[in-house]
Amino acid sequence: MPRPYHERLNFGKDLPLQIISHGTGGPKAALPHWHQAVELCYVYRGTPGTAHIGSSTFQLQAHHLYVINSEVVHSFESVLDEDDQVITLLLPGGWLRTTVDAEQLPVWGPIDLNLDTPPYRFLNQALQVLVTHAINPAEDRGTYLITLGAEYQLVGELLQRLTVKGELDNDQLPLPQPLRKAVNLIQEHYAEPVSIAALAAELNYSSVYFSRYFKAYLGVSPKVYLGQIRLERSTALLLSTQDSIQEIARKTGFRTEKNFFVTFKQHYQMTPKTYRETYAAQQSWA
């Protein structure tokens, strides 16, 4: 009879749920996007800005949790400082399906949860543990197990309180494939002259129908989305490079430096130069 032996098993300490603390770097725009993971946006301090989820817009409020289902388009316009803070929690699709023992990811609603209300008391308790871990991470085994338990409690509470049954609305519907292709094309070619009419024709749509279809899911027209992409890319270059304003305008698809200057100032209420001087030294995104 074989003799028993001591088998050493190596368990990873990585928590299945990804928690992101975004720091205090000033204006932050997360352009319309989607992913397989379920995303939870928790405002633990202040009123940091606006969230667009599906076809709805939410003014972010303290102690509210915003639930973004898998493959639903969402974006954020925020200003993060000491008084306005957000934590993002990402629940990976594979782990979530295994946890809830289902082939399909659950669809959760409502989207905006006030955690100060009684129905979400235990959900709030689990979330506070996770927020504390994100802000003040600790490596000891006890903290790890407490945090892991909070993750499973969080998912359990979401399943008990939020699972949607019946017809879904546009805030819970994944982005259709033609629009995914359109978004990818805009993101790939934003630095070039982009014709919305040509993009619509490539997808076999009229320009009018394409614009309405696009806006129904992404909350903005294709032209506005293109402008948002260019502005977001320009802010990244302002903060991470020493490129001149003229060079950044050229790299991000603006026709002229003046056009870039006017568009940027209209959106951010400051010039590109002031934006760089104000925020370049304050980046602390996790």
Side-chain angles (χ1 to χ4, degrees), residues 20-35 41 43 46-52 57 59-60 73-86 88 179-200 202 207 210-211 214-215 218-286:
I20 305 170
S21 178
H22 293 284
T24 58
K28 183 170 178 64
L31 296 176
H33 63 287
W34 68 94
H35 40 63
C41 172
V43 182
T47 53
T50 303
H52 306 281
T57 298
Q59 300 302 316
L60 299 174
V73 174
H74 55 286
S75 62
F76 296 92
E77 299 165 5
S78 58
V79 178
L80 303 180
D81 51 33
E82 293 297 335
D83 297 322
D84 303 285
Q85 291 285 293
V86 171
T88 297
L179 292 183
R180 296 187 190 201
K181 182 177 180 181
V183 168
N184 287 335
L185 287 171
I186 292 173
Q187 291 181 343
E188 289 172 5
H189 301 288
Y190 70 89
E192 307 165 16
V194 176
S195 167
I196 302 302
L199 184 58
E202 183 167 340
S207 296
F210 172 62
S211 294
F214 193 100
K215 188 172 183 178
L218 283 94
V220 295
S221 69
K223 182 178 179 180
V224 170
Y225 181 71
L226 173 61
Q228 290 177 339
I229 290 280
R230 288 170 169 167
L231 282 172
E232 190 272 340
R233 298 296 188 265
S234 72
T235 60
L237 292 174
L238 285 167
L239 299 180
S240 62
T241 74
Q242 297 298 315
D243 290 350
S244 68
I245 303 299
Q246 182 180 27
E247 180 67 8
I248 289 174
R250 185 190 64 78
K251 285 183 176 180
T252 51
F254 289 92
R255 296 190 306 275
T256 64
E257 182 180 355
K258 181 179 179 180
N259 177 247
F260 172 50
F261 182 94
V262 171
T263 304
F264 193 98
K265 189 172 183 180
Q266 286 176 342
H267 188 83
Y268 291 104
Q269 286 76 57
M270 65 181 74
T271 67
K273 182 175 183 289
T274 301
Y275 183 95
R276 170 179 268 170
E277 292 172 346
T278 303
Y279 297 113
Q282 297 184 22
Q283 297 306 291
S284 58
W285 309 112

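For this chain, numbers begin at 1 and follow the sequence in order. What you are looking at is a predicted structure, and each value in this text was computed from that prediction instead of being measured.
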Taking all atoms of both residues into account, what is the closest heavy-atom pair of Asp81 and Gln85, and its distance?
O-NE2, 2.6 Å

Side chains of Gln59 and Thr47 in contact at under 4.5 Å (non-hydrogen atoms)
no

How many angstroms lie between OG in Ser75 and CD in Glu232, if you round to the nearest 0.5 Å?
11.5 Å

Just wondering, do Thr235 and Tyr268 contact through their side chains at under 4.5 Å, heavy atoms?
yes

Beyond-backbone contact of Asp84 with Val79, side-chain heavy atoms, under 4.5 angstrom:
no

Should Val183 and Trp34 be marked as a side-chain contact (heavy atoms from CB on, under 4.5 Å) after you check the CA-CA gap, both sets of side-chain angles, and the distance that decides it?
CA-CA 11 Å; Val183 168; Trp34 68 94; 3.7 Å; yes

Taking all atoms of both residues into account, what is the closest heavy-atom pair of Pro222 and Ile186, and its distance?
O-CD1, 4.3 Å

For the OH atom of Tyr190 and the OG1 atom of Thr252, what is their distance to the nearest 0.5 Å?
7.0 Å

Under 3.5 Å, is there a donor-acceptor pair between the side chain of Arg255 and the main chain of Pro193?
no

Beyond-backbone contact of Phe260 with Arg230, side-chain heavy atoms, under 4.5 angstrom:
no

Separation of Asn259 CG from Glu257 CD (nearest 0.5 Å):
11.0 Å

In sequence, state the C-alpha distance, the side-chain angles, and the governing distance for Met270 and Glu277, and then conclude on side-chain contact (heavy atoms from CB on, under 4.5 Å).
CA-CA 11 Å; Met270 65 181 74; Glu277 292 172 346; over 6 Å; no

Starting at OG of Ser207, measure out to NZ of Lys223 and round the result to the nearest 0.5 Å.
12.5 Å

Determine whether the side chains of Gln187 and Tyr225 contain a donor N or O and an acceptor N or O closer than 3.5 Å.
yes

Could you pull out the closest heavy-atom pair between Leu199 and Ala182, with the gap in Å?
CD2-O, 4.3 Å

Are the aromatic rings of His52 and His74 close, with centres under 6.0 Å apart?
no

Just verifying a value: how many Å separate Lys215 NZ and Phe210 CZ, rounded to the nearest 0.5 Å?
14.0 Å

Please examine the side chains of Phe261 and Pro272, heavy atoms only from C-beta on, and report whether any two atoms are closer than 4.5 Å.
yes

Can you tell me how far CZ of Arg276 sits from CG of Leu237, rounded to the nearest 0.5 angstrom?
8.5 Å

Is it the case that over 12 heavy atoms from other parts of the model lie below 6.0 angstrom from the CD atom of Glu192?
yes

Less than 4.5 Å apart, side chain to side chain, heavy atoms only: is that true for Lys251 and Thr241?
no

Within a strict 4.5 Å, meaning less than it, do heavy atoms of the Cys41 and Val86 side chains meet?
yes

Restricting to non-hydrogen atoms, name the atom on Leu60 and the atom on Ala51 that form the minimum distance, rounded to 0.1 Å.
CD2-CB, 3.7 Å

Hey, does Phe264 have a side-chain heavy atom less than 4.5 Å from the side chain of Leu238?
yes

Should the ring pair His33 and His35 be called parallel, tilted or perpendicular, given that the plane angle runs from 0 to 90° and is split at 30 and 60?
tilted

